Amino acid sequence: MNEVLDAVRAKNPEQREFHQAVDEVFHSIQPVLDRHPEFRRAKVFERLVEPERQVMFRVAWTDDRGEVQVNRGFRVQFSSVIGPYKGGLRFHPSVSLGVVKFLGFEQILKNALTGLPMGGAKGGADFDPKGKSEGEVMRFCQAFATELWRHIGADTDVPAGDIGVGGREVGFMAGQYRRLANRWDGTFTGKGLSFGGSLVRTEATGYGLLYFTEEMLRARNESMQGKSVVVSGSGNVSIYAVQKAQQLGAKVVAMSDSDGFVHDPTGIRLDTIRDIKEVRRGRIREYCDRHQEAKYTPGRGLWRLSCDVALPCATQNELDGDDALALIKNGCKVVAEGANMPCTPEAVHAFLEHRLAFGPAKAANAGGVATSGLEMQQNSMRESWSFADVDRRLMQIMKNVHATCASTAAQYGKPGNLVDGANIAGFHKVAQAMLAQGVM
Ligand code: GLU
């Protein structure tokens, strides 16, 4: 069966992150293929690794100096077998076809785990929002949506945010979509509250991550109360992960951005972080200007701090094998992934070998897309639910995702291995749907 992986490599050269995502799932699902020879016969995995459709396009726009800029846009519509394509858009200079495909592939299984009818997709552009004016961001988003709109729709493909794409960018794209399509429908999620957005969507990935982490701890008869926590990143996922961790009685001692990290042994003051990151779009080092007890360190030494719980919420492959060993040595007991694939395969291996509680991204960060699913439901019903109502549904979904992963892992003789649990449960659901719908 390693032929399958060789074929993926040969057909998709240089898509390193995509290979990594496929390898991981492939290794988990061998026992499912053994139990279900019909999946093997129908070449379900071989079909799943080939996206149903991929779009790559030019995005040309004019910057504030009047200079023409050209970026590359992507939308990879990976699988619509259990629902309309669904997944975020990432605007970051590192975005390439390989990165979008790794994200899209993970999204298929993540969305399946939520229990909601959503297929998997991902998109984005190699546009760098850093240092761009509001007008430049708007013109870029409009140019991007001018091509994207013909490929999407409320029952076809529903994009949302990811790194570099938040409420502001979704607003610009949803507006341009509405103008071109001449329809108001729920084609984007993560919209503003005045035009069909859902309460809790902003907080959802971070809150969901903590609901999932609480479940992991509960399985060990523990809770977040009194735990010391390190969270990487300071974007949307990190901020609301910190907020919920603090609400649950934990102490968050460090956060980071792409330049370095702040360590505040007295506990991170989230309003300062939010002012720096959400209001002024500044750098995290500014935190120390306001809090003398905190220390800023440039570079990536964050995972050398000691903590009970580590929550990588920044980006792919930000936590490697050496970082994992340092965390383990310093007494860390729980790791849950808020970002997509933040831990390298070596790091994941170390965590599982040392019997840490490890929550893989496609389960632990499913709260974001799950709440997007709730936004789609509200849009279809022309309703808006209260914060408490959406939050309660999100919490229930995260509990279900954890229970599904844990019981699947146990069923396949891997108790406590949520990586295999998530991959097997997600794959099994998608594979069954593919089998039922015939060869395509
Ligand atoms: N980008 C988020 C993720 O990785 C959310 C996607 C969505 O809401 O569609 O799951």
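Being a predicted model, the structure only gives us computed values, none of them experimental. Counting convention: from 1, in listed order, for ligands and their atoms alike.
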Side chains of Q378 and S384, donor plus acceptor under 3.5 Å: no

Can a salt bridge be assigned to the pair E106 and K362 using a cut-off of 4.0 Å between side-chain N and carboxylate O? yes

Salt bridge check: are E286 and R280 linked by an N-O gap of less than 4.0 Å? yes

Pairing of D128 and K130 as salt bridge, 4.0 angstrom limit: no

I'd like to know if D257 and R285 make a salt bridge, using a cut-off of under 4.0 Å between side-chain N and carboxylate O. no

I'd like to know if D63 pairs up with K132 as an ion pair, taking the criterion as any Lys NZ or Arg NE/NH1/NH2 lying under 4.0 Å from an Asp or Glu carboxylate oxygen. no

Could you list the atoms of ligand 1 found under 4.0 angstrom from a heavy atom of N340? 4 (O)

If we number the atoms of ligand 1 from 1 as shown, the ones under 4.0 Å from a heavy atom of K86 are 7 (C), 8 (O), 9 (O)

Atoms of ligand 1, numbered as shown, that sit under 4.0 Å from any heavy atom of A160: 7 (C), 8 (O), 9 (O)

At under 4.0 Å between heavy atoms, which part of E106 makes contact with ligand 1: side chain, backbone, both or neither? neither

Relative to the heavy atoms of K110, which atoms of ligand 1 are at a distance of less than 4.0 Å? 3 (C), 4 (O), 10 (O)

Please confirm whether G190 comes under 4.0 Å of ligand 1, counting heavy atoms of the residue only. no

Closest to atom 6 (C) of ligand 1 among protein heavy atoms sits G88 N, 3.6 Å

Looking at R201, which atoms of ligand 1 are within less than 4.0 Å of one of its heavy atoms? 5 (C), 7 (C), 8 (O)

Salt bridge or not between D126 and R72? Use side-chain N to carboxylate O under 4.0 Å. no

Counting each atom of ligand 1 from 1 as listed, which ones have a heavy atom of S372 under 4.0 Å away? 7 (C), 8 (O), 9 (O)

K122 and ligand 1 - part of the residue with a heavy-atom distance under 4.0 Å: side chain

